[in-house]
Amino acid sequence: MDYNTSEIESKWKKFWSKNNTYKVSNDFTKPKFYILDMFPYPSGAGLHVGHPLGYIATDIFARRKRQMGFNVLHPMGFDAFGLPAEQYAIESGIHPAISTDENIKKYIAQLDNIGFNYDWSRSVKTSDPSYYKWTQWIFLQLFDHYYDNNENKAKKIENLVAQFKKNGTEDINTQNSQEEDFSAAEWNGYSPLEKNDILMNYRLAYQKIGYVNWCEELGTVLANDEVKDGVSERGGYPVEKRAMKQWSLRITAYAERLLNDLETVDWSESLKAMQRNWIGKSVGAQLFFNVTNSEQKIEVFTTRPDTIFGATYMVLAPEHDLVSLLTTDEQKEKIEAYIAYSNSRSERERMSDIKEVTGAFTGAYAINPFTNKNIPIWIGDYVLKDYGTGAIMAVPSDDDRDKAFAQKFDLQIIDVVDKSDYPNATLKDKIGKIINSDFLNGLDVKKAIKTALNAIVEKGIGNRKINYKLRDANYSRQRYWGEPFPIKYNKDGVALPINELPHQLPNLDDFKPANGGKSPLARNTDWVNKETGYRRETDTMPGFAGSSWYYLRYMDATNQNALASKESINYWESVDLYVGGTEHAVGHLMYSRFWNKFLFDLGITKTVEPFKKLINQGMIQGVIEFLYLQKEKENGKSVFVSAEIAKNNRAKDYAKIPVHIDYISNYGQSDSNLNAEGIQQFLNWRPVYKGAKFVSKDGVFIDGQEENEKIKIVTKSEVGKMSKRYFNVVNPDDMVSKYGADCFRMYEMFLGPIEQSKPWDTNGIDGVSKFLRKFWALYQKEDAWIVNEDQPTADELKILHLTIKKINDDIEKFSFNTAVSAFMVCVNELRSNKCHKRAILEPLVKLIAPFAPFISEELWHKFGYSTSIHHSEYPIHNETYLKEDSIEYPISVNGKKRASVMIPSDATKEEAEAIALSIDDVQKWIDGKDIRKVIFVPKRMVNIVV
RNA sequence: GCCCGGGUGGUGGAAUUGGUAGACACGCAAGACUUAAAAUCUUGUGAACAUAGUUCGUGCGGGUUCGAUUCCCGCCCCGGGUACCA
C-alpha cells in the first residue's frame, strides 16, 4: 500500500470517535495536566492557517503528556457572544444564533481534519444558556459583594449594610468610587433609591454615570482595552467620550493583587511588563489646595511633592467638576469657548497634536500651601479627567508639559531642582539637588520626597497615596448579542437581582444596534416589562464576560448546579499551560485573573492565578496586495487618480485598497495597465466603488464606461493580518487535502519558533512531505511490510536514543521546529543504514505519534496492536546507548585549531591533556615555548595556551 | 519619548547559553533514471583567493577572554507594547 493520506486520515478519524479515544475522565487518582488554547470566536470566514499554530503545539504537548500517564485536559470551545459574531451577523443579515451555530459546525469539522485530540463532550459555547447561566451568576456575586481593604478580600454587601445601620461610614475601609461620610441615623433615614445609589459606590459590579468610550458606528460603548489609538479595535471606527449611566466592574479593587501576583506566574517578561504598565502603579501624595475667596479645595495627586515650591499654577481637566464653580465672570466666555473647543476634538485629534498645548485661565487663584502665594488656576486638556484627581499642581521647572504650558501662557517658572551634576538627566528623572525650596534646600531628590511628604502630612493638607492607571472596567454594551444582565428595576428605580437563571436572551428578529445609546433589547417592551412592577435592564454584557471564566467550565462542562463541581476544581486546579496570542495581554488575561481572584475570595477557585504558565504564539500573517489610488471626492462621488500621476502627492492621501491576488494576476501585474474590462471587474467586485471615477494619465474614466483608456495600476504587497477583508486567507482544509494533516501539522511546527510571527509561505512544505514519505518507506515498500526482527547495531541504538532525548527536551522547551528537524536527521540516518528493524522503528513510531497522529496510528496497527497508539507508553531514552568509547576532540593552540585526537570518554582531565600534548602536530606548534595553560573542556575541545 | 523583544548564508531558521558558526529545510547548480518533462535519487552550495589549503565572516565600533553569535560599554536599524499617567 502506498502512503495515502486521505485514506489513512478518514479511517483513523472514525476509529478515534468510535472508541472515544480522547475522552477525558475525571479519574482523580491520576496526576493531572491542564493545557489550554485561547478559544476562538467562530467567525464566518472559518479557520485560517494561522489559527492552528498554537493548537498544534498544544496538541503535541497534550498527546505526549497522555502517553506519559497524565490525565490530560485539553479542551476546545467557542467564544460565541460579542461584537465580532454580531458584526458578522449584521453584515450577513443572518441571526447570530444561527450563524454562530453554523460557524461552530464548520470550525469543528476543520479542527477534526487536522487531527486534534479534543474531547468535544467538554466543549463550551459562551452563548449557550446553560453556560451563560453561570456568567450571569458570577455577575450577581460581583453585584452582591464589596471589597474590604482591611481583610483584603471581597465580602458580602449585607455585611456593609449592617455596618451602615449600626455606625454609618465610621471605621469602614473599602474600595469605592467616592469618599462618603454619613452616620447610622442618616443611613436609616435614606430612601430606597438613595440607599441603592450609595451601595453602588461599593459593589464590585456597580452602576455609575461616567465618561465612557462611545462608538457611534458600532452603536455601543467600549472598554479601554477595546480602543486603540482613539478608534475602535474592531472596525477602526471613531470613538468619543460621552457621559452615560453604565455598569462597571471594580477591577481597581484588585489592582495591588493583580500586580503582586504577577511574580508568581511563569509568563514572558514582556507580557508581565505590559500588565504592570496597564496597572500603572505610582506612589506619591494626595494634596489639597485652598482656593482664594472660596470654600472649595482642589485635590491633586503628585509623585513629586518635593517640587511643591516650584508649583506656580494649577491645571484642571476641562471636564472637572469645579471648573464652573471657580470660573470668574470675566473669564466665563473664554472658559466656555475652550471647553467647547476641547469637546469638539476627538480623542484621535487630541493625540495627534500632543505637542500643541492649549488651555484657558479660570480667573481663580489657589494658594500654594508652602509658599503661601496665590497661584492661577487654569484648565487644559493635557490634564485628563479620569487619571488621578483630574487636577494637577503644575511645576514648570521640572515637567516637560508644564514647562511648555507655562512658556506658552507666560506663567512663572521657579527652578527647584539642580540637575547640574547629571548632565544627561531629563526633567522626568528623579535626581538632583533641591534649590529655592526653604527647608528642602540642599536635599537629594529622593530624600526630599520623603521630607516633603512628612511635612504635608504634618500640616494636615494631604496624605501618602498610591495611584493606579488601571480603571474600572466598563461592563455595559448597547448590543443584542451578549448575556442579558440578570437585573431588574422596581418603581423606585432600585436595581434588584433576577435570581432565576439563566435569564434568557429573547430571540429577536431585529437585532441591529439602535441609535442614541439604547440597546436593541429596549425595543422589545414585552420582554422589558414582563414582570409587573419591574423593568428589566436592557444592556448586555461585553465580549470578555464569557471568556473570563471559561477555563473553569471545561473542568465540569455539563454541571447544572454549579459553574463546576468542587471536586473537579480541586482536582484540575488551574491551567498548567495556556497558549494564545499577545493581543489579549491586557484584556482577557487581566479580566480572567480578576474574576479568578474574586472567585478565590468566594472559596470557589483553588488557586489565586488561573494560568500558571503562558506561552504567546506568534501570528501567521498573510501577504496583502494593496492597490494604491489617490482618492478624492467630486460631487459626492469617489474619484480615483492612478498612482502613476498621483506620485507627487503625499503618500498618506492614497487610498490603499486591498485586492485579490487572482484579480491582480488576471487584470494586470504590478505596474501593468488595467483596461476597461479590468476596471469593470474591479467595480463589480467591490460594489462600494460603484460610480467611482478613475483618472489616469491619459484621460478620465467613469465607472468603466468610457473608451479603452488604460489606467496604470500599481500594487504593493505588505505583510499583515490574515483576514477575509484582505483576500489572503489560506484555509487549512486545502493544505490537509493536498499534503495530509500530518504534513500540515509538522510543517506549521517546522516554520520556526512558536512565539514568532511570520508570513505564511508554502515554499518549504515539500521538504516535510518528502520526510513523511521517507519515514513511511522505512516500514513499508509498496505492498510489503518490511520491518524485520534483526538485532539493532550500537550505531542504530545511538541514533534512536539521541533522537528520543532530543525530542523530549525540545517538547519540554516548546521548541517544535528543532524537534521536527531531529526527526528528519534520524530518518535520514536510518535510511542510509538501510535499517528496517522493529527494535528501532517501533519506539520511533511512538515518538512521532504526538506530531503525526495519523501516520503513526496506521503504522502502530500494522505492528499488530488493536488499541490507539495514543494510549501507548512514551519512549524514554537510555543513557547507556549514548555513551561512546572515545570522542574526537579538536586541539587548538592559542585558540587556533591545529589537530584533532580521539580521547577515551572516561579519561580524566590530566590524561586527556597528556594525550593532547603528545600529538606531533601539536608538539611542532608549541616547540620551545612555555605552556601557560591547558584548557580541557569535557565533550568539547582541548586548548593549549603558550 | 518610555518599556520589552530582535538583527546569523539567496530564504525560513539551528547552535547543548563562553567552546569546530550556519544543524534541518527551501532555493539554486551539476549528475543519474527517462524519448521528454514531472517525480525520485546522488553530489555540491557563507564569501574571497587558491581549486587537498588559506583568509575573512553572526547589524556597526570598541572591550574582557586562550577562545565571543553568546558577556560588558557606545552607536545604528527592525518589530511589538504604551503614551499628555501628573
Side-chain angles (χ1 to χ4, degrees), chain A residues 228-229 268-278 280-282 284-285 287 300-304 307 311 314-315 317 350-351 353-358 380-384 386-395 398-402 404-405 426 428 467-471 582-583 585-586 616 618-619 719 747 750-753 755-759 761-768 770-771 773-774 805-806 809 815 817-828 831 888-897 900 931-946:
Chain A
K228 292 252 147 73
D229 301 326
S268 73
E269 260 323 300
S270 70
L271 199 80
K272 287 193 200 177
M274 272 190 232
Q275 291 223 335
R276 282 192 202 105
N277 283 340
W278 194 261
K281 179 180 182 177
S282 51
L287 255 178
V300 300
F301 171 75
T302 179
T303 54
R304 296 295 303 274
T307 62
M314 300 191 82
V315 187
R350 265 202 195 193
M351 284 179 184
D353 40 51
I354 260 169
K355 278 166 201 100
E356 182 96 8
V357 273
T358 59
D381 64 8
Y382 82 95
V383 175
L384 305 175
D386 40 11
Y387 180 75
T389 62
I392 60 158
M393 64 173 211
V395 184
D398 229 57
D399 181 287
D400 292 310
R401 295 149 304 158
D402 294 348
F405 196 86
T426 64
K428 283 213 160 215
N467 204 44
Y468 299 94
K469 271 202 281 192
L470 183 74
R471 283 165 233 167
T582 26
E583 65 271 24
V586 288
N616 283 120
M619 258 204 289
V719 171
Y747 179 60
F750 186 65
L751 275 174
E755 296 90 344
Q756 228 161 72
S757 291
K758 54 232 148 188
D761 175 11
T762 47
N763 274 339
I765 200 166
D766 279 340
V768 178
K770 252 186 254 178
F771 157 76
R773 288 197 298 265
K774 286 179 196 169
K805 185 171 160 43
K806 174 88 175 120
D809 292 350
S815 172
N817 55 332
T818 52
V820 175
S821 295
F823 278 119
M824 290 175 172
V825 172
C826 175
V827 166
N828 284 344
R831 250 167 70 86
E888 186 177 2
Y889 284 81
I891 301 176
S892 53
V893 179
N894 285 347
K896 302 254 179 209
K897 192 190 164 196
S900 64
I931 297 170
R932 278 204 283 139
K933 249 194 240 176
V934 179
I935 298 150
F936 173 72
V937 182
K939 288 186 183 169
R940 282 293 152 203
M941 60 162 333
V942 184
N943 188 30
I944 298 158
V945 185
V946 297

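Letters go in sequence order (proteins before strands), and every chain restarts at 1. Values below: all heavy atoms of this structure, side chains included; hydrogens, waters and symmetry mates excluded. The model shown is predicted, which means the values in this text are computed figures rather than measured ones.
- No engagement by D761(A) is indicated, since no non-hydrogen atom pair under 4.0 Å with the nucleic acid exists.
- Closest approach to the S270(A) side chain among C4(B), C26(B), C84(B) is made by C4(B) (side chain taken as heavy atoms from C-beta onward).
- Using cut-offs of 30° and 60° on the angle between ring planes, the pair F405(A) and Y382(A) is tilted.
- Proximity of a side-chain donor or acceptor of Q275(A) to a complementary backbone N or O of V586(A) within less than 3.5 Å is not detected.
- When each of G13(B), C4(B), G81(B) is scored by its nearest atom to the side-chain atoms of M274(A), the top-ranked nucleotide is G81(B).
- Remark: the separation of the P atoms in G59(B) and U70(B) is 8 Å, to the nearest Å.
- Rounded to whole Å, the C1' atom of G22(B) lies 11 Å from the corresponding atom of G57(B).
- For A38(B) and A32(B), the P atoms lie 14 Å apart once the distance is rounded to whole Å.
- The same atom, C1', is picked in G18(B) and in G67(B); the two are 8 Å apart, to the nearest Å.
- At least one donor-acceptor pair under 3.5 Å links the side chain of D402(A) to the backbone N or O of V395(A).
- Shown here are the side-chain contact (heavy atoms from CB on, under 4.5 Å) partners of S821(A), two or more places apart in sequence or in another chain: F750(A).
- Each of E269(A) and F301(A) lies near RNA chain B, and the nucleotide nearest E269(A) is the one positioned closer to the 5' end.
- Checking G13(B), C24(B), A86(B) against the side-chain heavy atoms of K758(A) singles out G13(B) as nearest.
- Anti is the conformation of G6(B), whose glycosidic angle sits further than 90° from 0.
- Listed pair R276(A) / G81(B) fails the phosphate criterion, with no side-chain N or O lying under 4.0 Å from OP1 or OP2.
- You'll find that the side chain of Y387(A) is closest to C85(B), out of A14(B), C85(B), C26(B).
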- Item | Bracket string, RNA chain B, 5' to 3' - pairs by Watson-Crick or G-U geometry under 3.5 Å, | interstrand | (((((((..(((......[....)))((((((.......))))))((((...))))..(((((..]....))))))))))))....
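- For N763(A), whose side chain is taken as the heavy atoms from C-beta onward, the closest listed nucleotide among A15(B), C26(B), C84(B) is C26(B).
- Taking the P atom of each, A37(B) and A29(B) are spaced 14 Å apart, rounded to whole Å.
- The phosphate of A39(B) has neither OP1 nor OP2 within less than 4.0 Å of any side-chain N or O from R773(A).
- Contacts of Q756(A) with the nucleic acid, taken as non-hydrogen atoms under 4.0 Å apart, involve only primed sugar atoms and P, OP1 or OP2.
- The separation of G80(B) from C75(B), taken at their P atoms, amounts to 24 Å, rounded to a whole angstrom.
- The side chain of W278(A) approaches A83(B) more closely than any other nucleotide in the set C3(B), A83(B), C84(B).
- In this structure, R831(A) and V768(A) both approach RNA chain B, and ranking their closest nucleotides by distance from the 5' end singles out V768(A).
- When each of A86(B), A14(B), A25(B) is scored by its nearest atom to the side-chain atoms of P753(A), the top-ranked nucleotide is A14(B).
- Comparing C2(B) with A83(B), their C1' atoms sit 8 Å apart, to the nearest whole Å.
- No side-chain donor-acceptor contact under 3.5 Å links T582(A) to the backbone of A585(A).
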- Task: Would you check, one step at a time, whether the test side-chain contact (heavy atoms from CB on, under 4.5 Å) holds for T302(A) with L287(A)?
- Result: CA-CA 8 Å; T302(A) 179; L287(A) 255 178; 4.1 Å; yes
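- Between the CG atom of N828(A) and the P atom of C24(B) there is a distance of 8 Å, rounded to whole Å.
- The side chain of V383(A) lies closest to A86(B), out of C41(B), A86(B), G81(B).
- Spacing of C1' atoms, C78(B) relative to C60(B), comes out at 15 Å, to the nearest Å.
- Checking A25(B), U82(B), C84(B) against the side-chain heavy atoms of F750(A) singles out A25(B) as nearest.
- With C85(B), G13(B), U42(B) as the candidates, the nucleotide lying closest to the side chain of N817(A) is G13(B).
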